[in-house]
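Written out below as structure tokens is the structure these notes cover.
Lettering of chains follows the sequences in order, A, B, ..., and the numbering in each one begins at 1.
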Amino acid sequence: MATLFYLGRLMDALGTGTETLAIPPGVNDTAALRTWLDAERQLGGILTEPTVRLAINDVIVSEPCAISDTDEIAFLPPVGGG
Amino acid sequence: MATLFYLGRLMDALGTGTETLAIPPGVNDTAALRTWLDAERQLGGILTEPTVRLAINDVIVSEPCAISDTDEIAFLPPVGGG
Amino acid sequence: MVSLLDHAFDATDALRAFEKRAAGAGAIVSFTGLVRDTGKFGEVMTLHLQAYSPLTERGIAAAVAEAEARWPLTATSVIHRIGDMAPAEPIVFVATASAHRRAAFEAADFLMDYLKTEAVFWKKETTASGDHWIEPRNEDYSDRDRWSKTGS
Amino acid sequence: MVSLLDHAFDATDALRAFEKRAAGAGAIVSFTGLVRDTGKFGEVMTLHLQAYSPLTERGIAAAVAEAEARWPLTATSVIHRIGDMAPAEPIVFVATASAHRRAAFEAADFLMDYLKTEAVFWKKETTASGDHWIEPRNEDYSDRDRWSKTGS
């Protein structure tokens, strides 16, 4: 199981800030994850926006980036500063 | 009688921070005052230095400037800031 | 020193604590940012700030390290609120200490530019019309750009 | 608000008082200058600062008025020591408040440049080798020049 985090407005869109989830076979990188999850939740593309960055195990990654079923993966919309 | 003030290092040079003084006849402007007082106290020119500015009755003046025997006249060496 | 606080804090107390750490400095600059009562969507009732640890702390610590590399600082402090806060409450406190004032001013300004533009926070304003997530302002980016142009 | 004080003051108390006056601002910057323990003539035992009233106050008030004309400030405070003081004591405190941080930073920086270069003070350091009147540093003049170059 992977642990997913949704920050900022994505938390509202997903209806939760975090969940654990079985990543389906074939979803092996961040590009596939974005597309699959956005379609699965019928989000209309908000998870595939390039301004949404991904962090894997607390590191913001360059994409596409390989993922595994034990990762902590966070979806980070543009940061607004404090 | 005029009241004279000596600020900063001039206070040390004159041996006092303030004094009242009868300005002699003929000493009618700041240039004459500087020359006369510097000679009278044997100060070797420290009162005639152009970096020393004069304030008359709390206003820094452009020189030469007329003076009268009832003025408050301050000798101000370059200010060092706080 | 970097702290994220989920409760109200007093900027004056923060400065007092900083002064003790900064003993020996010639110049101390402090910046306090207060929650504004008006936002893009009208009067703000509550501001909510979300961090993502440890990315948020790591980013701020990197900005502090960059400030310490650029300017001869003897001490720095960053305190940032997270969670819910009310207008007029302190949201951020930055303090810098140095032998000379120019370094202290520039480093505090630099850290605030980081915190207002690149820091890993998401911000939501609650107004009479509901909740609104706030996107970055262009003005914030141009402030931040000043530092890359001037060099070190 | 401009004050010349012939006794020690606490910069943190000054900030607390200022925060009350600055209620409603979004950004508060404070600067505290502390008496240095080393000068051009070695270890400083006592720093003496002489003002000439009301010229000194009038000059500072004019600088504050200029800052308020240049930047949209909601409050300003200047406290400056005169007389004898010991190393590490606060010698100057400047605080500015504005809706936005850029104005508060720039105005505090501007006021400090005035206070360090053009303010009507004479400064004497007492060291083991005696009393020394201190002349302006060139660095202070170049700091001050920044403001005439940038325009308003």
Side-chain angles (χ1 to χ4, degrees), chain C residues 10-20 22-39 44 47 74 87-117 137 139-140 142-144 146, chain D residues 10-20 22-39 44 47 74 87-117 137 139-140 142-144 146:
Chain C
D10 183 294
T12 308
D13 290 344
L15 179 59
R16 195 179 297 280
F18 183 72
E19 282 176 350
K20 292 206 179 88
I28 293 175
V29 168
S30 81
F31 178 89
T32 309
L34 303 151
V35 177
R36 277 187 244 285
D37 58 4
T38 312
V44 173
L47 179 70
T74 56
E89 286 185 16
I91 174 171
V92 58
F93 174 84
V94 163
T96 54
S98 181
H100 292 284
R101 70 184 186 284
R102 176 96 3 257
F105 267 121
E106 290 187 358
D109 197 359
F110 170 87
L111 287 171
M112 277 309 305
D113 279 350
Y114 172 80
L115 290 165
K116 294 294 285 184
T117 59
R137 295 185 306 153
E139 184 188 326
D140 288 324
S142 62
D143 279 346
R144 174 70 185 165
R146 295 184 307 136
Chain D
D10 184 294
T12 308
D13 290 344
L15 180 59
R16 194 179 298 279
F18 183 73
E19 282 176 348
K20 291 204 180 91
I28 293 175
V29 168
S30 81
F31 178 89
T32 309
L34 303 150
V35 177
R36 278 187 242 285
D37 59 4
T38 313
V44 173
L47 179 70
T74 56
E89 287 184 14
I91 175 172
V92 58
F93 174 85
V94 163
T96 54
S98 182
H100 293 285
R101 71 185 186 284
R102 176 97 1 257
F105 267 121
E106 290 187 357
D109 198 358
F110 170 87
L111 287 171
M112 277 310 304
D113 279 350
Y114 171 80
L115 290 165
K116 294 294 285 184
T117 58
R137 295 184 307 152
E139 185 188 324
D140 288 323
S142 62
D143 279 346
R144 173 72 184 167
R146 296 184 307 136

Q: Ignoring hydrogens and angles, tell me if any N or O in the side chain of D:Thr74 forms a donor-acceptor pair with the backbone of D:Ala97 under 3.5 Å.
A: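 Pair found, side chain donor or acceptor close to backbone of D:Ala97.
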
(Q) Run C:Asp113 and D:Arg101 through salt bridge (charged side-chain N to carboxylate O under 4.0 Å, His left out) and show every step you take. (A) CA-CA 9 Å; C:Asp113 279 350; D:Arg101 71 185 186 284; 2.7 Å; yes

Under a 4.5 Å heavy-atom cut-off, does chain D meet the side chain of [X], its backbone, both or neither?
{"X": "C:Ala108", "result": "both"}
{"X": "C:Ala88", "result": "neither"}
{"X": "C:Asp13", "result": "both"}

(Q) Quick check for you: among C:Ala27, C:Gly26, C:Pro90, which has the greatest number of heavy-atom pairs under 4.5 Å with chain D? (A) C:Gly26

Q. Between D:Ser30 and C:Ser30, does any side-chain donor sit less than 3.5 Å from a side-chain acceptor?
A. yes

Q.
Does any part of the side chain of C:Asp10, heavy atoms only, come nearer than 4.5 Å to the side chain of D:Arg16, both counted from C-beta?
A.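 In short, these two side chains touch, coming nearer than 4.5 Å.
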
